[in-house]
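Below is one structure, written out as structure tokens; the observations come after it.
If you're wondering where the values come from, they're calculated on a predicted model, not measured in any experiment. Numbering of ligands and ligand atoms starts at 1, following listing order. Values below: every heavy atom of this structure, side chains too, minus hydrogens, waters and symmetry copies.
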Amino acid sequence: MTNQPIGVFDSGFGGLTILKELVTALPAYDYLYLGDNARAPYGHKSFDIVYEYTKEAVDWFFNRGCNLVILACNTASAKALRSIQQENLPLLKDSNKRVLGVIRPTAEVIGTLSRAGHVGVLGTNGTVQSESYLMEIAKFFPEVQVTQEACPEWVSLVEENRCDSEEAHHYVALHLNNIINQDPQIDTLLLACTHYPLLMKTIKSHLSDEIRIVSQGEIVANSLKKYLEKHPHMENNCSKQGITTFYTTGDCSDFNSHASLFFGKSVTAHRLNLK
Ligand code: DGL
């Protein structure tokens with residue numbers, strides 16, 4: 001078996017906010033990023049569709065030799081990860097193939113960030129409906145009260161680069177008011193969608209300084225670091241030349257022009273068809 005990059009998958013651009021932190025925290029490794037832009041967004045798609053698309057992506061990574069794949073998308077982690085881990089991976093009969101998500105690492109730490117024990121989760125419709133955060137946080141912090149709010153307009157506002165627009169302020173204020181009204185004791189708000197960190201400034205402008213806003217990039221990067229330390233056989237399989245390669249199922253020039261917004265640097269993507 002040859003050493004291979006760590007696969008990072010998202011429905012489109014959002015996973016680049018996670019990848020950015022992975023590259024910062026673990027710069028020695030190689031990464032292979034795939035955004036399924038042609039079929040994004042996933043946020044309002046059914047369980048079956050998100051599972052089917054995510055599985056196709058994971059198969060693509062495995063066929064290219066990747067051993068470790070991170071679903072850097074909350075919706076895919078919420079709707080597809082469990083089936084992939086429990087049903088598909090065992091069929092491969094290859095203990096070197098692993099798929100990780102972003103929900104569990106976040107759930108593992110979020111309770112330590114809230115002093116009041118009241119956490120708000122902001123995500124896509126799909127992530128909220130799956131109730132994955134409610135279930136995962138309850139496993140680690142049963143005493144923490146978790147309130148959810150779907151913010152369906154936020155992804156397109158980010159993708160259209162309208163984070164500071166009047167509409168963005170309107171929808172940000174709307175959903176923040178909704179969630180704080182549901183639980184006025186919330187002191188920690190989790191941005192449980194990879195796009196939302198780009199709205200940070202707008203979100204902060206509608207919240208008191210007392211409420212802590214948590215985005216996932218660093219949490220996922222710390223968790224991957226620990227994972228690789230705890231699983232030396234997986235770490236040994238990772239190639240380490242510090243190279244990151246980008247693929248999209250969508251239009252490359254569109255990907256390249258949007259990606260820097262999420263990744264903080266310009267990128268050059270290759271195109272592929274998943275089906
Ligand atoms: N990447 C998705 C997430 O984190 C948001 C974009 C989408 O709906 O596809 O949930």
task = Check each atom of ligand 1 against the heavy atoms of His195 and keep those under 4.0 Å away; list them by number with element.
result = 5 (C), 6 (C)
query = Where does Val102 meet ligand 1, judged by heavy-atom distances below 4.0 Å: at the side chain, the backbone, both, or neither?
reply = neither
request  = Please name the pair of heavy atoms, one in Tyr51 and one in Lys79, separated by the smallest distance, quoted to 0.1 Å.
outcome  = CB-O, 4.3 Å
key: Pair His175-Glu153, side-chain donor/acceptor within less than 3.5 Å   = yes
Part of Thr124 with heavy atoms under 4.0 Å of ligand 1, whether side chain, backbone, both or neither = side chain
query = When you measure from atom 10 (O) of ligand 1 to every protein heavy atom, which one gives the shortest distance, and what is it?
reply = Thr75 OG1, 2.7 Å
Contact with ligand 1 for Pro41, non-hydrogen, under 4.0 angstrom = yes
message = Do the side chains of Lys225 and Glu229 get close enough for a salt bridge, i.e. N-O under 4.0 angstrom?
response = no
inquiry  = Considering non-hydrogen atoms of the protein only, which is the closest contact for atom 2 (C) of ligand 1, and what is the distance?
reply    = Cys73 SG, 3.5 Å
key: Asp187-His118 side chain donor-acceptor pair, cut-off 3.5 Å   = no
Donor-acceptor contact present, side-chain Thr249 to main-chain Asn37, <3.5 Å = yes
task = Using a 4.0 Å heavy-atom threshold (strictly under), name the region of Cys193 that reaches ligand 1: side chain, backbone, both or neither.
result = both
query = Looking only at heavy atoms, is any part of His44 under 4.0 Å from ligand 1, and if so is it the side chain, the backbone, or both, or is it neither?
reply = neither
ask   = If you look at every heavy atom in Ser114 and Gly117, which pair is closest and at what distance?
value = OG-N, 2.8 Å
remark   = If you scan protein heavy atoms around atom 8 (O) of ligand 1, the nearest is Gly43 N, 2.8 Å
ask   = Without hydrogens or angle criteria, can the side chains of His258 and Asn161 be said to hold a donor-acceptor pair below 3.5 Å?
value = no
ask   = For ligand 1, which atoms sit closer than 4.0 Å to a heavy atom of Ser11?
value = 1 (N), 2 (C), 6 (C), 7 (C), 9 (O)
query = Any luck finding a side-chain donor-acceptor pair between Ser239 and Asp30 under 3.5 Å?
reply = yes
Ligand-side contact atoms (ligand 1) for residue partner Asp10, heavy atom cut-off under 4.0 Å = 1 (N)
request  = Considering the heavy atoms of Tyr42, write down every atom of ligand 1 situated less than 4.0 Å from one of them.
outcome  = 7 (C), 8 (O), 9 (O)
